[in-house]
Each structure stands twice: as structure tokens, then as C-alpha cells.
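The structure appears below as C-alpha cells.
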Amino acid sequence: MPERKNFIRDIIDDDLKMGKYNTVHTRFPPEPNGYLHIGHAKSICLNFGIANDYNGLCNLRFDDTNPTKEEVEYVESIKEDVRWLGFDWGDRMFYASDYFDQLYEYAMVLIKKGKAYVDDLNADQIREYRGTLTEPGKNSPYRNRTVEENLDLFERMCKGEFPDGSRTLRAKIDMVSPNLNMRDPVMYRILHATHHRTGDKWCIYPMYDWAHGQSDSIEGITHSICTLEFEDHRPLYNWFLDELGIHHPRQIEFARLNLTYTVMSKRRLLQLVQEGRVNGWDDPRMPTISGLRRRGYTPESIRLFADRIGVSKADSMIDVSVLEDCLRADLNKRAPRVMAVIHPLKLIIENYPDGVVEELDAVNNPEDTSMGTRKIPFSKVLYIEQDDFRENPPKKYFRLSPGAEVRLRYAYIIKCVGVVKDPKTGEIVELRCTYDPETKSGSPQSARKVKGTIHWVSPQHAADAEVRVYDRLFSVKDPSGENWSEGSRFAGKDSINPNSLEVVKGCKVEPGLAAAKPQDRFQFERLGYYCVDDDSQPKADEPLAQRPGNLIFNRTVTLRDTWAKVEKS
RNA sequence: UGGGGCGUAGCCAAGUGGUAAGGCAGCGGCCUUUGGAGCCGCGAUUCGGAGGUUCGAGUCCUCCCGCCCCAGCCA
């Protein structure tokens, strides 16, 4: 299989060669406190991808050490997203909470070794004692309690004898270490909170730093891949593992993903949801996996993206165009072509007989002829895209204009012979055209050169649809740099794109689309890729055929539009 | 100004002492019944900078500059 080389694989190759490990076992360890986003997808593809390529295994583990922020809704969504992306954790779905008992035993080991102590300092005092980046910390007055006293106090913490925040269990390391993580980090805090899995069994909960490395160790992880900000924590994880004398995974850090015109922190995404900036975690404008899915992205396109962007330790900001191109590359090969008119303009073919309907042949996918052909109805009255007509065409405009000829895709060559306007508003309401009967698609005369080809739909046969035209959520490249503080109304500072969603009703799509189901993806010829939104789902008691006006498409991504570029310049 | 990282084209990213891959974006052209797709061509005398080692340096050494992360009882 094609392996993408990167520094992580180099390290693994080396470890394998040196015999440090003889298998590869990775894990994807999300905290169930929000929905997964495209940045997590990078990590998922990395971890599961490496496991696959090295014939190893990858676990799914929920790092659920903070019951105040975690919910089952999130664990369900995470499982769905990982599965949807195409990865399988087999029977290896774990929770850090599975290890709470073991972690407690490990803590006892450290206490008995004199390497951990119960501290009575409160949060503020701990901060004061910690020192700063440039000043050393100082020892807590409780640092030298006896093992017996620590054992007793820790057991009582666990039994619930003390209120939240009153005491902690701390590792006894080095209060003057230049690495703040080594200044006697907190291992346990008292939290009388109900955990989504362990209920009220515990009222002390392990800190991430205390749980993570040991969880990896317990699972026999060989390569613990995480993001850059944990680089400073590695010495601490190593210290715990060494003091405990247990299996030692190798931690490797990589740079997290940043994408232009969006944000990638769960905190910001949560804020967007809570402030009603978007319609939930799966809003098609969100960079969440569920949002991308609803938008019409495919798992293949996301995996391709992960592959293309690579992995390194350099902070980076990937242009969304890379993501969009991955999608186009995938959908171009697979999406059935279809004709749809989003902003209809009526067109009458004056010399076409009344009442006649022709069934024309159309190719379902020129990139894949095995997808066959279909029939589409053609008649005297048609709709075309408003943008495909200009009364005063600019230079190089290949479409329809007064006196000009254009090809109707799969049909005939027509010529515009008249423009009908609303006498009051001056708005163009109808085009009068003539067609050349000799130019029917496939006939010898149809080979005639015409500048442009446009798409169309026969309204008397068409299905009605609503189209949700999505654009980027933010209008600035790096919205994380904006002021997100409460009350700052960052939307008012032009950082949120006011046109990120345009709902267009009264669109006409070719008749076959009436049978489309949610999540089906199509290419609307000459426009872009669209997918059927979940809102199209008929009510439970409503037959699929009867959902007038309830066919909703999301614009996933536009086609490359070289004309748009030309016109702009 | 403590500690940990990172600097190769507009954005990513290969490169592991032997003469700068690839992708996206951009720009030309060809082709086309999607202004789609496809195809062809164009960009780094130079790798943050300056010195040094070497026959030879993006790769090794020294110094300097810039950017990111760390002072949660979050993860």
C-alpha cells in the first residue's frame, strides 16, 4: 500500500529495527467533551493509518477524567465519526475511567515510595507556590508528611471526607524545575461529581497528566502520538512510568492542524454553537466531522486530505482550497451528473412544437461510463440559469445573449431572438429563442461549433427544490486571532461572513432527483457538488414520494470556475 | 528575560554531506457538448541570517534573528 513517509514513521521504523518494540500499537484518545473536527481527523488518519500499514492495532480510548465536562452524547458522536471515516477499533474501545481502580493502586505505590503527598494548599496557594516561568517555585508546607499520614489522608479523600478543592494528591518531584510540569503536579483533585460511566463511585478524579501515560501503558501502546503542546509533559509522563516501573510507550508529538477561514478549537466551536452562530455541531459550515459529513464531504476525501497535508512539527495553516480540491478529486470520479437550475429564467423556444416532449439521452458521469445514461425530458418551455444570460455580455462571455447562439446540453443549439421584460421593473422575465432542429445532440449537425454550452431543466417535469448555498463561515483567514471574549460581538467585526448561508427556494431540478435520499451526492453540471440535506427526510408517517417542497440540497463545493476568475479581472 | 519546540516558493511538504521531490494556489497553452474533467509548460542559483568545517553544506559546528507552546485542582 502507498505509504506516506513522515518523521513519525521514520521513528517507528527505527524503533522496529533496533528492536525497541516488535509491534506497533497506537491509539486515538479523545476527550468526550465536544464533537470531533477535521483536526481530529488528521490524528485519526495518522494513528489508524500507521496501525494499518504496520500490521498493528489502534485503540479508541476516551480520556474521560473530567466528569464536569463530559457527556455520553459526545462519546456516541465520536464513535460514529471515527467509523464513518472508515476506521475500525475492533473490540478495543476503552475509557480512561476503566483504569480508575488501577490508577488508584498506582497512586498508592507512589505514596508508599514517598513520591506523592497529600497537599492542603488551595488552588490559589498552589499557583503562588508554583512560581513563574522565570522564578522557581517553593515547597508546600505539607510536602514532607509521612507515608502513613499521606496514605490515611488519601484514603479519606477517596471516601469523600473532604470538600471539593480542599486537598489534592501531588507528585513529589521538583519545585525548582525549569519545566513547570515537574513542579509537583497535581495527580488527583476532589470532585463530588457524577461521572457518565462510573456514576458516584468516585469523588476524586485523576488529572489528565496522571491518567494519560498510565492508560497508554496499560493498553500496551508502543507509540503514543499526540500534539506539540504535550512535548513539555513528556518528561513528567516518563517520570511516572519509571517510578512505577511499567511498560513504557514512546511519545511522539506533531503539529496540530489549522485551516484557513475557520477555527479549530473545541472551545470556539462550542461558542459558535451556544451563541447560535450556527445551527448546531453538524451545521454544514462547521469544520466538525459531522458538519463536513452533512455538507457532503466523503470519508475518502478527508483521508486524502490527511494524506496530502502530511505530518510535521512545524506550526502550519493549511489553505481550505487543499481540502476542497480533495473533495472535488473524489466526487469528480463518483458523483452522478445532473442538471439543476438554481436561479431560474424562463426560456421559450418559439419554433418548437407545442405539447411535444422529447426524452433525451444524458451521460451520468463522463469520468465513468459504467455509470450509464439516463433520459431527461425536453420541451418548448425551459428554465435556464439567470447567470447564463447577459443582455450586454462582457468580452469573452460564451453564454447566451441577444442574437447569440448557445448549445443546450444534450439537446439543441438555440439562438436568442427576444428578451421580455417586466414593464414596471425592467427585470428580464423571459427569453424568446429559436432552435435548430438539425442540431439535436448526437446528430451530425450537432458537431457544429458554438461558444458555450448551458444547462437547463423542463419545468413541467422538474422537481422543486430548496438549495442551501454555503460559503466559508469566517471572512478572515485566521479568526482565532479575533477578539472572542464575551460581549465583543466578534461577528460585528466582519470576522463572520454574513453570507455564509443563502437559502434559495424555487429551484428546479431534473425529475430523477425527486427520488434522492438524504446524503446522496450529485454534481449539478456547471455549478458544483450538492448533497441532499438531512432535513429532506420525510416525516416518519409521510411516504417518501409525498414531500412536496421538501427536497433540500446543500452546496458542498463549487466546481472550479475559470470564468469567474476571468470576469473578476 | 526560565524551559520546550519550529523556520525549505503564496500555503503545505520531501530532503538523513554529492548539486532543491510532490501537492494546493497562481500564470500561460492544448483539448472539451460541463468556462467541469484531462493534458502540457512556467516558479527556490537557494533552504530565517551571518560566519565556520569540507573537494562539496538545506543537511555538520558557532553565533544571531523570528515565530509557537508552558505559570488549570482543563485535556
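Quick note on labels: first sequence line is chain A, next is B, and so on, each numbered from 1.
Between A:D387 and A:R399 there is a salt bridge, since at least one side-chain N of the basic residue sits less than 4.0 Å from a carboxylate O of the acidic one. A salt bridge links A:R234 to A:E253: one of the charged nitrogens lies within less than 4.0 Å of a carboxylate oxygen. A salt bridge between A:E510 and A:R374 is present, with a side-chain N of the basic residue lying under 4.0 Å from a carboxylate O of the acidic one.
Rounded to whole Å, the C1' atom of B:G66 lies 7 Å from the corresponding atom of B:G48. Between B:A44 and B:A20, the distance separating the two P atoms is 11 Å to the nearest Å. B:G2 and B:G56 have their C1' atoms separated by 40 Å, with the value rounded to a whole Å. Comparing the same atom, C1', in B:C31 and in B:G22 gives a spacing of 25 Å after rounding to whole Å. The gap from the C1' atom of B:A13 to that of B:C24 amounts to 11 Å, rounded to the nearest Å.
A:Q523 comes within 4.0 angstrom of a nucleotide base, judged by non-hydrogen atoms across all strands. Heavy atoms of A:K451 sit nowhere under 4.0 angstrom from any nucleic acid atom.
Comparing A:T439 and A:F7 by the nucleotide of RNA chain B whose heavy atom lies nearest to each, the residue mapping closer to the 5' end is A:F7.
Legend: residues meeting salt bridge (charged side-chain N to carboxylate O under 4.0 Å, His left out) with A:R250, ordered by chain and number and at least two apart, are A:D15.
Remark: P of B:U16 and CG of A:N6 are 16 Å apart, rounded to the nearest angstrom. When the C1' atom of B:G3 is taken as reference, atom CG of A:D174 falls 12 Å away, rounded to whole Å. Atoms CE (A:M264) and P (B:C12) sit 13 Å apart, rounded to a whole Å. The OH atom of A:Y237 sits 14 Å away from the C1' atom of B:G4 (whole-angstrom rounding). Here B:U34 presents its C1' atom at 11 Å from CG of A:N332, a figure rounded to the nearest Å. Between A:I376 atom CD1 and B:U34 atom C1' the separation is 12 Å, expressed in whole Å. In this structure, CZ of A:R337 is placed 11 Å from P of B:U34, rounded to the nearest angstrom. A straight line from CG of A:D10 to P of B:U16 spans 11 Å, rounded to a whole angstrom.
Across the strands present, B:C27 finds its partner in B:G41; the criterion is a Watson-Crick or G-U wobble pair with both atom distances under 3.5 angstrom. Of all nucleotides present, none satisfies the Watson-Crick or G-U wobble test against B:G35 with each distance under 3.5 Å. B:G66 and B:C6 make up a base pair, with Watson-Crick or G-U wobble contacts both under 3.5 Å. With a cut-off of 3.5 Å on both pairing distances, B:U53 has no Watson-Crick or G-U wobble partner at all.
When distances are taken from the side chain of A:T562 to each of B:U33, B:U1, B:G35, the shortest belongs to B:G35. In the set B:G2, B:A25, B:C6, B:A25 carries the atom at the smallest distance from any side-chain atom of A:S321. Of the candidate nucleotides B:U34, B:G4, B:G35, B:G35 has the atom lying nearest to any side-chain atom of A:Y397. Distances from the side chain of A:R308 to the nucleotides B:U1, B:U33, B:G23 place B:G23 closest. For A:D325, the side-chain atoms get nearest to B:A25 when compared with the rest of B:G4, B:U34, B:A25.
In terms of phosphate contacts, A:S312 brings a side-chain nitrogen or oxygen within less than 4.0 Å of OP1 or OP2 of B:A13. The side chain of A:K5 places no N or O atom within less than 4.0 Å of a non-bridging phosphate oxygen (OP1 or OP2) of B:A13.
A cation-pi arrangement, defined by a distance under 6.0 Å to the six-membered ring centre and an angle within 45 degrees of its axis, is present between A:R197 and A:Y95. For the pair A:R145 and A:Y117, the cation-pi test (distance below 6.0 Å, angle within 45°) is failed. The cationic group of A:R167 lies under 6.0 Å from the six-membered ring centre of A:F162 and within 45° of the ring axis, placing it in a cation-pi geometry. Remark: A:K508 is not positioned above the aromatic ring of A:Y383, lacking an NZ or CZ atom under 6.0 angstrom from the ring centre and at most 45 degrees off the axis.
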Begin with the C-alpha distance, continue with both residues' side-chain angles, and end with the deciding distance and a verdict on ring-ring contact (aromatic ring centres under 6.0 Å, His included) for A:F398 and A:W563.
CA-CA 9 Å; A:F398 296 166; A:W563 165 246; 7.1 Å; no

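A:L559 has its side chain within reach of A:Q523: a pair of non-hydrogen atoms, C-beta onward, lies under 4.5 Å apart.
Environment of NZ in A:K415: sparse, with no more than 12 heavy atoms of neighbouring residues, nucleotides or ligands closer than 6.0 Å.
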Contact letters for nucleotides 64-75 of chain B, in which S counts primed atoms plus P, OP1 and OP2 and B counts the base, heavy atoms under 4.0 Å:
----SBBBSBSB

N/O to N/O distances under 3.5 Å, protein versus nucleotides 7-10 of chain B:
none

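The salt bridge (charged side-chain N to carboxylate O under 4.0 Å, His left out) test with A:E405 is passed by exactly one of A:K449, A:R448, A:K451: A:R448.
Taking the syn range as angles within 90° of 0, the glycosidic angle of B:G72 is syn.
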